[in-house]
Peer 1: 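After the structure tokens below, expect a handful of questions from me.
Naming: A, B, ... by sequence-line order, numbering from 1 per chain.
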Protein chains: 2
Amino acid sequence: MVSIKDIAKKAGVSISTVSYALNGSSKVTDETSSKILAIARELNYVPNAAARTLKKRESRILGVFLTDFKGDVYGELLDGMKEVCNSQGYDLIVCSGKQSHRMLPERMIDGAVILDHTFSSEELLKYAERNHKIVVLDRELEHPNINQVLLDNKAGATLATEFLLEQGHKKIYVVSGPEGSYDSTQRMKAVKMVADRAEDVEWIEIQGDFKKSGGEKAAEQIMQEYTEPVAVFCLNDEMAIGLCNRIADTEFKIGEHVHLIGFDNIELTRYMQPRLATIDYSKRKWGALASEQLIKIMSGEKVDHERIYVTLVKGDSVGTETTRSLPRPN
Amino acid sequence: MVSIKDIAKKAGVSISTVSYALNGSSKVTDETSSKILAIARELNYVPNAAARTLKKRESRILGVFLTDFKGDVYGELLDGMKEVCNSQGYDLIVCSGKQSHRMLPERMIDGAVILDHTFSSEELLKYAERNHKIVVLDRELEHPNINQVLLDNKAGATLATEFLLEQGHKKIYVVSGPEGSYDSTQRMKAVKMVADRAEDVEWIEIQGDFKKSGGEKAAEQIMQEYTEPVAVFCLNDEMAIGLCNRIADTEFKIGEHVHLIGFDNIELTRYMQPRLATIDYSKRKWGALASEQLIKIMSGEKVDHERIYVTLVKGDSVGTETTRSLPRPN
DNA sequence: TTGTAGGCGTTATCAC
DNA sequence: GTGATAACGCCTACAA
């Protein structure tokens, strides 16, 4: 490995002069500087990240932690994060799994964005307590070194539920996310609030998992119990897709027998037939804002928690309840 | 930050004793050792990754470089990589974008897996020349420090094309990937080979981009030129999905007017109506193998290039050509 | 069994 | 403007 020491030797100067030249300090003559730069290029010199990080006590790398690498929500979110990070001179790395947690306490990264419910809040608080900077996207956590950028789950679930009610639906299945998911809990709470306040509305929770398989299972149960048209609120789009596809094998029709709305507005919903009604928000903005907040708290700036606003996307997957007595197909 | 120096002071021993104890060396008494460990825990000691990396000249981190964070192929592939990495005591980080390239030459990571055609081969060879270890998944590149783990594109495209021919199709549109994509070029070459060898077969290339939008555009052209049923080979599933969805808005029917086959067997194809015919391979195995090869060449082991085998998945998106004169709908 | 000391590659504070 | 020199936190001969 070629180090500044090698360059110094070859250039006949000291290592400090080399360091200055390499870092573009104005303290060194243009002449010496260009000579050093030339030699550095000639020797294929590349600075050593570990040494720099050790000395400067910062790596200029930010990490984002995901539950897993699958999931349709992540793509744009990560792109949003990357954009902001890069523009601020940081690199972004994506990590998953318990093993990678060490990156934060061992100071391989300067800060972390968390979207991983397997990362316990105790662990996060422990790190925050040791002065590591963290932004959480998937929980509420109060600490001077932690900032929250959360989806407005309550507004989203309220919009979705009210939309179903407005269309005249009286029986609503709600397919939830996995145990312990903050998003699921929050959305569920809002549904309950709205539905309980309405007259004559019955709502039934089906335990889901935020994956396609959960939607499929829910479809089975719903069709089994079917007596008349029902509304279904899948707490994310992936389950809605699973549900749709299970139902596509039957005579039941989405938007007629089963009125369906999702949450997330993932790209695929644009392509579904009929178009899935869902709750939209900017994933790119979510990621960008998370990175911004992280960089701010790292620089010592005091910032408030942020919220990502949501909107309703209507779609033919939810029809008006004009066909109360539509019979069970076949 | 608490370092081994602090522990040493508190324990009344030297820093080397602390280091030995922390690394489980048998050279230190159980008594001293447990005392040191207790103090380390008490002080919330966490080793500093940069210092360890600098000294040991390895980070135990492997990096994978992707063109972008979107893309349905990546999830399982990354999981496959992560599994192998972790089991071998390595961490995996996912990077994207030109800025992050520095991770390799600056020795932040011990090795890299490349699935990013924006990473030039010259750059990769340069790094390989400086003794960095690399596994490429998206090109052919010969160097002692580079290993290839490539899809058997030729076999896949041949299987797909032959399947269309067996079903009696005589006119085949091929929707390609973006300019410069190795996978696209290889697949295209195989199609040409098979189709040209067959009698009476006409094939037409449509320039695509491996994204949904490319499939949509291809759909427009195909419908415009339509006179009788045609076959279409989209060189990846994402374009096939775009094509399907564009066609779903019309009276044309997949599997009747347009016989469609894709490539990749991404999860979503399972849910399409009709089921998309495609080429399958294990993404998880691809990732796992890539990691294994990387770790092997890093340990100085000499390994051959590897190939990921593919199979044909039939689906109702390709019907038999019994309806040669099916008229143009509406 | 434990301590001393040198060095990994870099930055940064001093002198000169 | 340039050069010694001392860290940064850790590992590891070698010495005691």
Peer 1: How many angstroms lie between atom CG of B:D304 and atom NZ of B:K296, to the nearest 0.5 angstrom?
Peer 2: 10.0 Å
Peer 1: Compute whether any side-chain donor of one residue and acceptor of the other, for A:E129 and A:H143, lie under 3.5 angstrom apart.
Peer 2: yes
Peer 1: Look at the side chain of A:S16 against the base of D:dG3 and say whether a donor-acceptor pair falls under 3.5 Å; ignore hydrogens and angles.
Peer 2: yes
Peer 1: Calculate the interatomic distance between A:I15 atom CD1 and D:dC8 atom P; express it in whole Å.
Peer 2: 16 Å
Peer 1: Taking B:N236's backbone N and O only, do any of them form a donor-acceptor pair with B:D264's side chain (distance below 3.5 Å, no angle check)?
Peer 2: no
Peer 1: C:dT11, OP1 or OP2 - any side-chain N/O from A:N23 closer than 4.0 Å?
Peer 2: yes
Peer 1: Using a 4.0 Å heavy-atom cut-off, does B:S19 contact any base of the nucleic acid, only the sugar-phosphate backbone, or nothing at all?
Peer 2: base
Peer 1: Has B:R57 got a side-chain N or O lying under 4.0 Å from the OP1 or OP2 atom of C:dG9?
Peer 2: yes
Peer 1: Looking at C:dC8, C:dT11, D:dG9, which one has an atom nearest to any side-chain atom of A:K56?
Peer 2: C:dT11
Peer 1: Hey, which of these two, B:T17 or A:A51, hits DNA chain C nearer its 5' end, going by closest nucleotide?
Peer 2: B:T17
Peer 1: Kindly point out which of C:dA12, D:dC10, C:dG3 is positioned nearest to the side chain of A:K55?
Peer 2: C:dA12
Peer 1: In whole angstroms, how far is the C1' atom of C:dG9 from the CG atom of A:L22?
Peer 2: 12 Å
Peer 1: Using a 4.0 Å heavy-atom cut-off, does A:T32 contact any base of the nucleic acid, only the sugar-phosphate backbone, or nothing at all?
Peer 2: sugar-phosphate
Peer 1: Checking contacts here: which listed nucleotide (D:dT12, D:dG9, C:dG9) is nearest the side-chain heavy atoms of B:Y20?
Peer 2: D:dT12
Peer 1: Measure from NZ on A:K27 to C1' on C:dC14 and round the result to the nearest Å.
Peer 2: 9 Å
Peer 1: Between P on D:dA7 and CG on B:L54, what's the gap in Å once rounded to a whole number?
Peer 2: 17 Å
Peer 1: A:I4 has an atom CD1; how far is it from atom C1' of C:dT11, in whole Å?
Peer 2: 8 Å
Peer 1: Determine the sole option in B:H305, B:E306, B:Q186, B:E140 for which the side chain to side chain contact (heavy atoms under 4.5 Å, CB included) test with B:L150 is passed.
Peer 2: B:E140
Peer 1: Between A:K70 and B:E267, is the closest basic N to carboxylate O distance under 4.0 Å?
Peer 2: no
Peer 1: Please determine if a side-chain N or O atom of A:K5 lies less than 4.0 Å away from the OP1 or OP2 oxygen of C:dT10.
Peer 2: no
Peer 1: Output the single nucleotide from C:dT10, D:dT2, C:dT2 whose closest atom is nearest the side chain of B:T29.
Peer 2: C:dT2
Peer 1: For B:S19 and B:S16, which I'm curious about, is there any donor-acceptor pair between the side chains at under 3.5 Å?
Peer 2: no
Peer 1: So, does A:S14 get its side chain near the phosphate of D:dG3, meaning an N or O under 4.0 Å from OP1 or OP2?
Peer 2: yes
Peer 1: Starting from C1' on D:dG9, measure out to CZ on A:R52 and report it in whole angstrom.
Peer 2: 17 Å
Peer 1: Would you kindly give the OH-to-C1' distance between B:Y45 and D:dG9, to the nearest whole Å?
Peer 2: 8 Å
Peer 1: Distance check: side-chain N/O of B:S3 vs OP1/OP2 of D:dG9, anything under 4.0 Å?
Peer 2: no
Peer 1: Between B:N48 (CG) and D:dA7 (P), how many Å, whole number?
Peer 2: 18 Å
